[in-house]
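Counting starts at 1 for both ligands and their atoms, following the listed order. Only a predicted model underlies this, so the values are computations on that prediction, with no experimental measurement involved.
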Amino acid sequence: MQGLQIQYLHIMDFQLPYCFFFLLLLLLPFSGNGQAHSNISSGLFLTAASDNLPWTSPSGEFAFGFQQVGDAGYLLAIWFNKIPERTIVWSANRNDLVQGGSRVQLTRDGELVLNDQSGRTIWSPVFGGSGAAYAAMLDTGNFVLASQADANLWQSFDEPTDTLLPSQNLNSGAQLIAPYLEKNYSEGRYKFILQADGNLILYTTHYPLTTSNFAYWSTQSSIGSGYQVIFNQSGFMYLVARNGTVLNPVFSNSVSMQDLYLRATLDYDGVLRQYVYPKTASSSRSRAMAWTTLSNSIPSNICLRITGQQGGGACGFNSYCRLADDQRPSCKCLPGYTFFDPNDERKGCKKDFISQDCDHPSQEIDSFEIKEMPNTNWPFNDYEMFGSVDEDWCRQACLSDCYCAVAIFNTAGQCWMKRVPLSNGVTDPSVGGKALIKVRKGNSTAGSSAKKCDRSNLITTGSVLLGSSIFLIVLSLLGIYVFFSRWNRQQQKMIPQHRLMPDMNMQNFTYNELERATGGFTEELGRGAFGTVYKGVLANEDKPLIAVKKLDQMAGEGDREFNTEVKVIGRTNHKNLVQLIGFCNEGQHRLLVYEYMSNGSLANFLFGDSRPNWYRRMQIAFDIARGLLYLHEECSSQIIHCDIKPQNILLDKSFNARISDFGIAKLLKTDQTKTTTAIRGTKGYVAPEWFKNLPVTTKVDTYSLGILLLELVCCRKNFDIDKKEGQIVLADWAWDCLKEGKLDLLVEDDEEAAEDMKTVERFVIVAIWCLQEDPSLRPEMKKVVLMLEGAVQVSIPPHPSSFISTI
Ligand SMILES: *[C@@H]1O[C@H](CO)[C@@H](O)[C@H](O)[C@H]1NC(C)=O
Ligand SMILES: *[C@@H]1O[C@H](CO)[C@@H](O)[C@H](O)[C@H]1NC(C)=O
Ligand SMILES: *[C@@H]1O[C@H](CO)[C@@H](O)[C@H](O)[C@H]1NC(C)=O
Ligand SMILES: *[C@@H]1O[C@H](CO)[C@@H](O)[C@H](O)[C@H]1NC(C)=O
Ligand SMILES: CC(=O)N[C@H]1CO[C@H](CO)[C@@H](O)[C@@H]1O
């Protein structure tokens, strides 16, 4: 009805004659164009267009209609309609997107038909009996076609794509097929099927076919077999045997559907996960939330589970899989190999160097070297095994054999020789042994392009000099001669020193130097929005440890901009910032070199096993605020961090907190004031204005600091699904406690903090000031520091009106 009212007002705007308007109103239901319908009667249709309104369920929580997928076209889908992500739970044409102007209609014959613009039928569900009298989008997320007598003729729940919703069951023979990529809904490489024999199985497929390849998880031997998988309203998923016995659950998370949206999805990486998303009354509150994974995913480590004779494994060929800190599988190429497509890591990697000459392998031994990777293996692909040998023998054997791509040497003194393409690669402590990977020396694209680059610079300098005048030519030639002969001599004596940037204490590294310093980028310290960080050591006398951040590749970035921004970062110097000591800008490689922080991130410190003491946590809060004050007001050009969170706060050897990753947002040349869909901050710590197209100011950092302060006081994450009702979102709970004068509840089992309630209270009040939805109400960082130190009087803050929870 709401839809009709809107239509009404709209038409009144145009001041159409009353009777004409009435006529239109009568025609509307038949001329399609989606409005909020509960029952969709025959004749209605939806058109694929960016402004199309879907058919929604009575509560508005689910919608059926067209979703645009990038520039590729439209998906006829069902999605969660009350959350900003519009997460898709079902689709009709995942392998065959339609273009704008296509339409889906419940025909007068009672058939549901998706036609493309030319009228060709793309999809139409098949069901028995006569046509449907009406269709309905239900509040469960099920789209049904029903007869006049209300009998279900067809339902989307019976033909799932990659997701199951609570109350949706998987019947014998039904399956989920993973999407190809996170945002590419085409059928991908994994499936989850309840076979006719009752076994519930996760399979890899023979992509691009959907036939079963390797079973990497199944219930038959552990749980048993059944004829139906039930996914009930509290989030339990279990098999029911033919005789009605309920078997042990597959998922046993108990979830309150009142507060949370829930789904079980077979993700593109082959892992079946349960996700929850907080339902909230106010729409502004739900804006910055995200889907959280519930703890047990299936299988727990897919890297170790896939060991098929055919196919690349959990990652593609010539790569290896490792469970990252976030418990998700991460795919990497082995040294000397690069991704076919960096956006599609499971497509595998290709060799990036010229293979060994098989006619004369021994002549080429010196051109190859071995890179080591501990605890790594490619279980199949062996073509030879030598027992009772030592590691050196194994290395030589691989170097002198042109078939050998990798040799695995294990503690039993065995040397397994393997050839490409390597499959089922995995790195895990349980693997043991080490992989010896053969790569051609010095054949990296980076190395060669760097040399070219240096030379061409010299040539340009030369020609400018020559262009001036004949007299100058003679002079310059003489000069150049003298310069070069001296320079050459000096070069021979001197071990090349790092080139210092003229106006700051920063080094310009070559890619090869950093590759060497990090042992070929092997030891990963962390992974952020902009790239991966590796541990390394410089070859200087005192062998300082470094952290090298390899920025993700960007298309068409100007060298000058990169250098300018690096200079801005390089000029910063404060004891609460991680110091940038150098960079590399060579070909497509952009790297930043920082001092190494030996005590890891605040996230690990704060949310780890043992709680850091209250005094240390207070000091950390002061440190972070002072670091931000410096970035905002005291350094030569203002820097807004945009991504303050515990993962970006590092602890040096004396446990001083140091802010890292500042200035990078700018460096990637995204306009600071423009909100795009690619929000840089991390969900939960992100200020509400990000989502509202308002300019981004230093107050976004103030907001994130507010969340961090509460986490420091309470030693827990802002969003914690395991907490009691009312305590799940820390920011909400802290406000409630403050309002009711019960702040002691926040630090209940923390004696030290409980004895210092004055400070706890001050910190919470400052935090709530920082979390004000209106940025202008949030204090400047200078004020925050003074407030935290207790140097200024702090008044009781108003209700922040919007809390954003951490995920
Ligand atoms: C949809 O139509 C059916 C059958 O006509 C009716 O029983 C049901 O109440 C209708 N639902 C709504 C929400 O109008
Ligand atoms: C999804 O990936 C498949 C396989 O690579 C490709 O054919 C298809 O075009 C992709 N779809 C979109 C929307 O990018
Ligand atoms: C879901 O199943 C579990 C386990 O059988 C049971 O304890 C729970 O009560 C069920 N919830 C609902 C809403 O049926
Ligand atoms: C039902 O079947 C299961 C296994 O399929 C079996 O373990 C159980 O004993 C059966 N229960 C009854 C009551 O027959
Ligand atoms: C410097 C060098 O030899 N580069 C080569 C490395 O390998 C690739 C791929 O085989 C060649 O194209 C490069 O020329």
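- Each of the atoms 13 (C) of ligand 3 lies under 4.0 Å from some heavy atom of Gln233.
- Asn184 ND2, 2.3 Å is the protein heavy atom nearest to atom 2 (O) of ligand 2.
- The shortest contact between atom 5 (O) of ligand 3 and any protein heavy atom is with Tyr238 CE2, 3.8 Å.
- Ligand 2 places these atoms under 4.0 Å from at least one heavy atom of Tyr180: 2 (O), 4 (C), 5 (O).
- Note that NZ of Lys723 and NZ of Lys717 are 11.0 Å apart. Values are rounded to the nearest 0.5 Å.
- The existence of a salt bridge linking Asp344 and Arg189 is confirmed by a sub-4.0 Å separation between a basic side-chain nitrogen and an acidic carboxylate oxygen.
- For the residue pair Tyr337 and Cys349, the shortest heavy atom distance occurs at CB-CB, 4.0 Å.
- A donor atom on one side chain and an acceptor atom on the other are not found under 3.5 Å apart for Thr205 and Asn213.
- Nearest non-hydrogen protein atom to atom 4 (C) of ligand 2 is Tyr207 OH, 3.3 Å.
- For ligand 2 and Ser186, the ligand atoms under 4.0 Å from any heavy atom of the residue are 1 (C).
- Glu345 and Cys331 get closest at one heavy-atom pair: OE1-O, 3.6 Å.
- Scanning the protein heavy atoms around atom 13 (C) of ligand 2, the nearest turns out to be Ala72 CB, 3.4 Å.
- Checked against Leu262 for a side-chain contact (heavy atoms from CB on, under 4.5 Å), the options Trp291, Tyr277, Phe231, Tyr275 give a single hit: Phe231.
- In the model, Thr265 has no side-chain atom that pairs as donor or acceptor with a side-chain atom of Asp162 under 3.5 Å.
- Nearest protein heavy-atom neighbour of atom 11 (N) of ligand 3: Ser234 OG, 2.6 Å.
- Considering backbone and side-chain N/O atoms, Asn232 comes within less than 3.5 Å of an N/O atom of ligand 3.
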